[in-house]
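First comes the structure, then the notes that go with it.
Just so we're clear, the structure is a prediction, and the values are computed from it rather than from any experiment.
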Amino acid sequence: MSSTIRPTTRADETVYRPGRWLALAVLVLAVLLVAVDATVLGLATPFLSEDLEPTGNQLLWIGDVYSFVIAGLLVSMGSLGDRIGRKKLLLGGAVAFGAVSVLNAYATSPETMILARALLGVAGATLMPSTLALIRNIFHDPRERSLAIGIWGAMASAGAAVGPVVGGFLLEHFWWGSVFLINLPVMAVLVLVGVKLLPESKNAVAGPWDLASVALSLIGMVGVVYAIKEAASHGPGLGAGAAALIGIAALYGFVRRQLTLPAPLLDMRLFRHRGFSAAVLADLLTILGLSGLVFFLSQFLQLVQGRQPFEAGLAELPAAIGAVATGLVAGTVARRYSVRAVVAGGLAAVGLALATLTLLGRSTGYPLLGAALLVVGIGAGFSFTVTADVILSSVPKEQAGAASAVSETAYELGAALGIALLGSIVTGVYRGFATPAGVPADTASAAHESLGGAVEAAAGLPHGQATALLGAAQEAFVDGLRLAAGVGAAVLLATAVAAWFLLRGQRLAEDVEH
C-alpha cells in the first residue's frame, strides 16, 4: 500500500514560512507602539502646557498636527512600501519614530513640539500600512492570516487601552517627556529582531512613485481634516470653508490623476469590489461613532468622577479585554456563520452599548460603565478584525500596502469626523450651562470654555461658589456626553444595517495561496 504522506516541497515552505509567528510578534510591536503613542499625549497635555506655556492655538496644533500628517501620508506611504519594499519602509520608519520620540521628549518650546509631532506623524504613517501588508504577504493560509489579523487588531486595541495606564503611571512618577521615551526600547527590539525575521516583499511592477499624487493626497487629507476640526472648535467660518474647498479640490484631483496614470499611487478600481468598499465604509463610520465618545470618556472619569490618570486608564481596560478576546476568534466565527452576520452583529452590539451610556450620570457606578465598555470591545473586536481581513483578501497581495493604507486612512478620517461632530455636540451642550449667582464674568467665561477650564476657575473661588460652579459644569458636560452617546449609538446601528446588506455574499478566503 502506498503512503499518503508526501514530502515537504519548496512551495510548501513558501506558503508556511518558517518563523512567521515570530515575524508577527515583531509586527505587533510596531502596532502596539503607535496605539500607545496615540493615547498618551492627552494625559501629558496638562503637564506639557505648564512647562512649555503654549498659547491656546499652539496647544491645538500640538494635539492635532500628528493626526493631520499621518492622515495625509498613509496612502502615499502604503504605496511607497509596495514599491521599495515593506520591510525596508517599516524598519526605516521605526528608526525615525524612535529618533523623533527623543525630540518630542526634550522639546523646549511650543514650536519645537509642533515640529516634533509633525515629524512623528511622518514616521507613524510608515508603520501601520507596512504591518498589515507584511501580514498579507507572510501568511498565505487564509485561516492563519485571519488569526494573525486578529492578533494584530488585538494589539492595537490593547495599546489604546494600555496607553492611559502606562502614561498615567509615568506621569505620576516622572516628567511628561517620559511618555515619549518608552518608544525607544520597543523600537530597538523591533529593528534588531525585524532585520533577521521579517521577509521583504514588494510589487515588482508597481511603477514610479508619483510625487504629484503624493502632494495632492497630503493637501487633500490635511485640508479636509483641518476643516472638520476647525469647524468643530470655532464653528463654520472662512478659514474652515477655505480649507474644506482646497482639500476637496485636491482629493478630486488625486482621484482624477489615479484614473489616468498607468501605475497609480492608489488603484481606484479596488473600490469596485463591493466587499472592499463596504468594509472601508464600515470602519470609517464605526470609528466616527466611537471616537468622539472615547475622547470625552477620559475627561468624564477624571474631571467628573475624580479619578487619577492611572485609575482612569485602568477603568477603560474592559474595552481592550473584549477586543483582544474576540479579535482572536473573529475569523473562525465569520467562516462558521457569515461575514455580514459577524460584522453587523458586532456593530449592533457596540451601538447598543453606546445606547446604555445615555443613562450615564455624575454618580453612575462603575459596573454599568465597565459592562458597556466590555460590550464595546467585544463588538469592535469582531467587526474590525473581519473587515480588515475582507480588505486584505479583496486585493492582490502586490497591492497590500495601498489597500492597508486605505483602511488606516478610513480610521484616521473617522476619528477626525467623530471628534469634530460628536465633540461639537458635547461642547455645544456644555457651554449652555447657567452660571451660578455671584461668579465673576471672567471666571464664568473661562469655565464655559471647557470642563478643565471650569475645574481651574473653581479653584480660585470661595467654597460655596466653587461647588456650585463645578457642579453646574459637570452636569452640563454629562448632558452633552449622553447626547453624544445617543448620536454615536444611532450611527453604529445604522452602520450595522448597512453592513448587513452591503456585505451580502461576502466570504473570507479558504484556499491556501501558492
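- If you take CG on Leu91 and CE on Met187, they are separated by 10.0 Å, rounding to the nearest 0.5 Å.
- Contact between Ala348 and Ala496 at its shortest, heavy atoms only, is N-CB, 3.7 Å.
- Residues Leu181 and Tyr106 meet the side-chain proximity criterion, which asks for heavy atoms closer than 4.5 Å.
- Ring-plane geometry between Tyr430 and His448 is classed as tilted, the angle between the planes lying from 30 to 60 degrees on a 0 to 90 degree scale.
- With hydrogens and angles disregarded, a donor-acceptor distance shorter than 3.5 Å links the side chain of Ser277 to the backbone of Phe271.
- The backbone N or O of Ser213 lies less than 3.5 Å from no partner atom in the side chain of Ser217, so there is not a single donor-acceptor pair.
- Side-chain contact check for Asp283 versus Phe384: some heavy-atom pair is nearer than 4.5 Å.
- Here the shortest heavy-atom pairing between Ala94 and Leu190 reads CB-CD2, 3.9 Å.
- Contact record, Ser101 with Leu120: OG-CD1, 3.8 Å, taken as the closest heavy-atom pair.
- Here the shortest heavy-atom pairing between Leu103 and Ala116 reads CG-CB, 3.8 Å.
- Using a 4.5 Å cut-off on side-chain heavy atoms (C-beta onward), Leu27 and Leu90 make contact.
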Determine, stepwise, if the pair Leu184 / Val102 fulfils side-chain contact (heavy atoms from CB on, under 4.5 Å).
CA-CA 8 Å; Leu184 297 182; Val102 176; 3.7 Å; yes
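- Rounded to the nearest 0.5 Å, atoms CZ (Phe180) and CE (Met113) are 3.5 Å apart.
- With values rounded to the nearest 0.5 angstrom, Leu481 atom CG is found 7.5 Å from Leu357 atom CG.
- To the nearest 0.5 Å, atoms CZ (Arg482) and CZ (Phe300) are separated by 9.5 Å.
- Other residues, nucleotides and ligands place no more than 12 heavy atoms under 6.0 Å from the OH atom of Tyr252.
- Distance alone, capped at 3.5 Å, is enough to place a donor-acceptor pair between the Arg274 side chain and the Leu502 backbone.
- Just one residue in the list Leu492, Thr495, Val343, Val350 forms a side chain to side chain contact (heavy atoms under 4.5 Å, CB included) with Ser383, and that residue is Val343.
- If you take CG on Leu281 and CG on Leu503, they are separated by 9.5 Å, rounding to the nearest 0.5 Å.
- Here the shortest heavy-atom pairing between Val497 and Phe501 reads O-CD1, 3.2 Å.
- The distance from atom CD1 of Ile70 to atom CG of Leu127, rounded to the nearest 0.5 Å, is 7.5 Å.
- No donor-acceptor distance shorter than 3.5 angstrom exists from the side chain of Thr385 to the backbone of Phe382, with no hydrogens or angles considered.
- At least one side-chain heavy atom of Asn104 sits under 4.5 Å from a side-chain heavy atom of Arg117.
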Steps toward side-chain contact (heavy atoms from CB on, under 4.5 Å) verdict (Val69, Val222)
CA-CA 7 Å; Val69 174; Val222 170; 5.8 Å; no
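- Looking at Leu347 and Leu285, their side chains never come closer than 4.5 Å, going by heavy atoms from C-beta outward.
- What you find for Ala227 and Ala240 is that their closest heavy atoms are CB-O, 3.3 Å.
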